[in-house]
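All values below were derived from every heavy atom in this structure, side-chain atoms included, with hydrogens, water molecules and symmetry-related copies excluded. Everything quoted here is computed from the prediction, not taken from an experiment.
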Amino acid sequence: MDADVLIIGAGLAGLVASNELVRAGLKVVVVEQENARNLGGQAFWSFGGIFLVDTPMQRRLGVKDSFDLAWQDWQGSAGWDRLDGELPEDEWAAQWGRAYVEFAAGEKRPWLEEQGVKFTPLVGWAERGSGTAAGHGNSVPRFHVPWGTGTGISEPFADKARAAAEEGSLTFRFRHRVDGLILDGDTVTGVHGTVLAPDDAARGISSNREETGGFELRAQAVVIASGGIGGNHEQIRAWWPARLGTPPSAMITGVPEHVDGRMLDIAADAGVRLVNRDRMWHYTEGVRNWDPVWPQHGIRILPGPSSMWFDALGRRLPAPGLPGHDTLGTLRILRTTPDIAGYDHSWFILTQTMIEKEFALSGSEQNPDLTDRDVRLLLRSRLGKGAPPPVEAFKRNGEDFVVADTLQDLVDAMNALTDTPLLDHGLVERQIRQRDAEMDNAYSKDTQVMSIHNSRRFLGDRLTRTARPHRILDPAAGPLIAVKLHIITRKTLGGIQTDLTGRAFTAGGAPIHGLYAAGEAAGFGGGGAHGYNALEGTFLGGCIFSGRTVGRSLAALL
């Protein structure tokens with residue numbers, strides 16, 4: 001035996017699991033195809049938002065939340081509908097969803113703080129919903145922002161793993177690519193694979209695939225925590241569901257290239273049951289990174305509620321296609337509407353006043369005030385005059401941003417960014433003026449304007465995330481800004497089906513002895529704890545919860 005437990009993947013889920021195992025006195029080997037600089041995986045790059053329920057931060061901002069309300073929101077968003085038949089795909093997913101919401105409403109915050117995670121007072125309102133009480137969306141703000149953004153979540157666990165490695169209870173095998181599972185009858189007893197040549201590439205940079213030898217490792221249990229398929233456009237298109245129309249011919253990428261889903265196929269080839277592979281989470285507000293790290297590197301805009309959203313032909317998107325409301329609902333509109341499905345982009349039109357308050361960019365590197373825990377910079381960039389410096393840098397350097405003083409000039413510049421001019425100035429202007437006419441009083445029949453007023457009722461949004469209501473064509477709010485938006489790949493919502501201990505199943509539905517899965521590879525628990533939709537702040541949390549669960553299950557068993 002090389003270890004008590006082998007963990008495939010040094011991302012957040014694997015690190016959390018290893019921490020629990022090491023604390024229990026077990027010997028752990030973490031196998032990772034990338035180098036040591038990539039410790040923490042995708043979590044390191046993230047904005048770091050965490051879904052929490054009924055917290056002191058919420059209460060200080062006047063938010064009333066509860067487990068019952070959160071569970072109602074989760075079920076309405078998940079929409080689990082694969083619960084019948086001999087081997088229902090959602091059988092364990094729904095149980096994991098319930099367990100996760102209980103965790104988020106209970107010990108999650110204090111436990112994370114015990115691990116070294118510190119939270120800012122900020123609570124965001126992500127995924128505001130499809131417009132029905134029982135449907136998708138957060139009824140209240142639940143998106144808690146940690147100091148350090150994604151690094152504030154991943155690094156406390158990475159530091160514990162590094163300390164365990166120094167003490168000898170954990171061994172990292174970097175540049176070791178797993179090619180298969182070793183089975184002894186119906187029990188997984190180890191892994192085999194290829195040793196890759198050393199590569200000093202910086203975090204996120206694509207590394208070489210030069211093979212220098214092979215390896216085998218054996219243990220009492222193996223944990224697959226290898227992530228999803230977000231960096232593999234071929235896989236995304238292969239599993240793209242008909243309910244979301246046709247996949248875009250061109251997408252940008254929200255995760256490093258090595259997030260390729262390779263280990264999921266290896267597991268399936270070994271007889272492991274994968275479920276809900278057609279469920280995925282891709283954003284519609286992606287922009288091409290002017291300073292990329294990995295191929296086709298995209299950044300997601302986390303928008304406030306005020307930008308007007310137009311399709312490729314210049315028509316305002318209908319609800320639920322509103323900024324920050326319903327990610328997959330908007331994706332469905334863009335990919336299933338026949339006369340625009342052939343285009344891979346849409347547009348925001350907004351004002352300088354809006355961008356200063358409402359644009360945030362996903363990514364630890366795009367939020368130096370929070371990532372570096374710089375309170376002075378935070379106050380200056382979030383509450384001071386002007387947009388946060390990274391947003392201004394995108395406005396200045398990003399190829400998807402155009403700025404103009406007049407709407408005619410703006411539309412002309414937008415048309416210059418497509419192969420042929422698609423936008424009619426008269427149509428765009430008419431829709432903006434119709435929306436602007438709704439801003440003259442405190443009431444409105446316009447769904448988006450109502451959402452803006454609702455957002456301003458929440459102190460957190462009024463201070464940091466929602467601009468004062470104003471006309472887009474008001475010169476005092478200018479200049480005008482347009483942003484060309486792309487589909488940006490991100491998360492896999494399905495994966496290896498697991499029971500509530502994290503143990504994996506065979507394709508025939510029997511538990512596999514010695515094999516566990518956590519994080520995105522397990523659909524964040526059970527092969528699909530989110531169902532069809534996510535409430536945001538739930539991906540890192542799902543990695544944490546499933547990694548902790550698997551670690552504790554194995555610690556109790558071995």
Side-chain angles (χ1 to χ4, degrees), residues 7-9 11-14 16-17 20 51 70-71 73-106 108 188 221-229 239 241 261 263-264 267-268 271-281 491-535 537-554 557:
I7 298 175
I8 305 170
L12 182 59
V16 173
E20 294 294 322
F51 177 94
W71 179 229
D73 287 346
W74 194 283
Q75 291 177 92
S77 294
W80 294 296
D81 58 4
R82 298 169 180 173
L83 295 163
D84 300 319
E86 184 179 353
L87 294 172
E89 293 187 63
D90 281 335
E91 176 184 3
W92 291 101
Q95 294 180 58
W96 270 91
R98 169 90 185 195
Y100 177 72
V101 178
E102 290 174 347
F103 179 56
K108 182 179 179 183
V188 172
V222 173
V223 179
I224 298 175
S226 54
I229 66 173
W239 292 103
M263 193 64 217
L264 292 176
V272 179
R273 187 169 194 233
L274 272 67
V275 296
N276 300 313
R277 297 195 74 176
D278 62 326
R279 294 180 185 167
M280 50 187 72
W281 190 256
K491 293 298 179 185
T492 310
L493 298 186
I496 296 169
Q497 190 175 48
T498 61
D499 64 16
L500 285 176
T501 70
R503 183 170 55 170
F505 291 93
T506 67
I512 302 176
H513 300 296
L515 184 65
Y516 291 71
E520 195 172 351
F524 303 96
H530 293 92
Y532 285 96
N533 291 284
L535 288 175
T538 55
F539 298 127
L540 298 183
C543 290
I544 290 164
F545 182 57
S546 59
R548 190 182 89 142
T549 298
V550 166
R552 291 187 173 188
S553 297
L554 284 170
L557 179 68

- [ ] Output all residues satisfying salt bridge (charged side-chain N to carboxylate O under 4.0 Å, His left out) with Lys108, sequence neighbours left out; order by chain, then residue number.
- [x] none
- [ ] Go through the structure and list residues passing ring pair (Phe, Tyr, Trp, His ring centres under 6.0 Å) with Tyr516, not counting sequence neighbours.
- [x] none
Task: Contacts of type salt bridge (charged side-chain N to carboxylate O under 4.0 Å, His left out), residue Asp81, not counting sequence neighbours - done: Arg279
Open item on the list: Using every non-hydrogen atom in the two residues, find where Thr492 and Gly228 come nearest and quote the distance to one decimal.
Closed with: OG1-CA, 3.4 Å
Open item on the list: Once rounded to the nearest 0.5 Å, what's the spacing between atom CG of Leu515 and atom CD1 of Ile496?
Closed with: 6.5 Å
Task: For Ser546, all residues meeting side-chain hydrogen bond (donor to acceptor under 3.5 Å, both in side chains), sequence neighbours excluded - done: none
Task: side chain to side chain contact (heavy atoms under 4.5 Å, CB included) involving Val275 - partner list, sequence neighbours excluded - done: Glu89, Arg273, Gln497
Open item on the list: If you compare all heavy atoms of Gly526 against all heavy atoms of Thr498, which two are closest, and at what distance to 0.1 Å?
Closed with: N-OG1, 2.9 Å
- [ ] Supply the atom-to-atom distance Thr549 OG1 to Arg503 CZ, rounded to the nearest 0.5 angstrom.
- [x] 14.5 Å
Open item on the list: What's the separation between atom CD1 in Ile229 and atom CE in Met280, rounded to the nearest 0.5 Å?
Closed with: 4.5 Å
Open item on the list: For Ala225 versus Ala13, what's the shortest heavy-atom pair and its separation?
Closed with: CB-CB, 4.3 Å
TODO: Report yes if the side chains of Arg98 and Trp71 come closer than 4.5 Å at any heavy-atom pair, otherwise no.
DONE: yes
- [ ] Can you see which heavy atom on Cys543 is nearest to which on Leu12, and at what distance?
- [x] CB-CD2, 4.0 Å
Task: Interatomic distance, Phe524 atom CZ to Ile544 atom CD1 [nearest 0.5 angstrom] - done: 11.0 Å
Task: Heavy-atom closest contact (Gly502 atom, Val550 atom, distance) - done: CA-CG2, 3.7 Å
TODO: Indicate yes or no: does Arg552 engage Glu20 in a salt bridge with an N to O separation below 4.0 Å.
DONE: yes
TODO: Quick one: list whatever passes side chain to side chain contact (heavy atoms under 4.5 Å, CB included) with Ala93, sequence neighbours left out.
DONE: Trp80, Asp90
Open item on the list: Checking Trp281 now: which residues fulfil side-chain hydrogen bond (donor to acceptor under 3.5 Å, both in side chains) with it, not counting sequence neighbours?
Closed with: Tyr283
Open item on the list: Once ring pair (Phe, Tyr, Trp, His ring centres under 6.0 Å) is applied, do any residues pair with Phe103, and if so which ones, sequence neighbours excluded?
Closed with: Phe545
Task: Pairwise side-chain contact, Phe539 with Leu493, heavy-atom cut-off 4.5 Å (strictly under) - done: yes
Open item on the list: Using 30° and 60° as the class boundaries, would you call the ring planes of Trp74 and His530 parallel, tilted or perpendicular?
Closed with: parallel
Task: Sequence-distant partners of Gln75, side-chain hydrogen bond (donor to acceptor under 3.5 Å, both in side chains), two or more places apart - done: none
TODO: Answer whether the closest heavy-atom distance between the side chains of Val223 and Leu554 falls below 4.5 Å.
DONE: yes
Task: Under the side chain to side chain contact (heavy atoms under 4.5 Å, CB included) test, residues paired with Glu91 that sit two or more places apart - done: Pro88, Gln95
- [ ] Check whether any side-chain heavy atom of Leu500 sits under 4.5 Å from a side-chain heavy atom of Trp96, and report yes or no.
- [x] yes
Open item on the list: Test of understanding: with side-chain hydrogen bond (donor to acceptor under 3.5 Å, both in side chains), list the residues that count as partners of Trp92, not counting sequence neighbours.
Closed with: none
Task: For Ala267 against Leu274, the heavy-atom pair lying closest together - done: CB-CD1, 4.5 Å
Open item on the list: My understanding is that only residues two or more places apart in sequence, or in another chain, count here; which of them pass side chain to side chain contact (heavy atoms under 4.5 Å, CB included) with Ala70?
Closed with: Phe51, Val53, Val101, Arg142
Open item on the list: For Asn533, is there any backbone N or O sitting under 3.5 Å from a side-chain donor or acceptor partner on Ser77?
Closed with: no
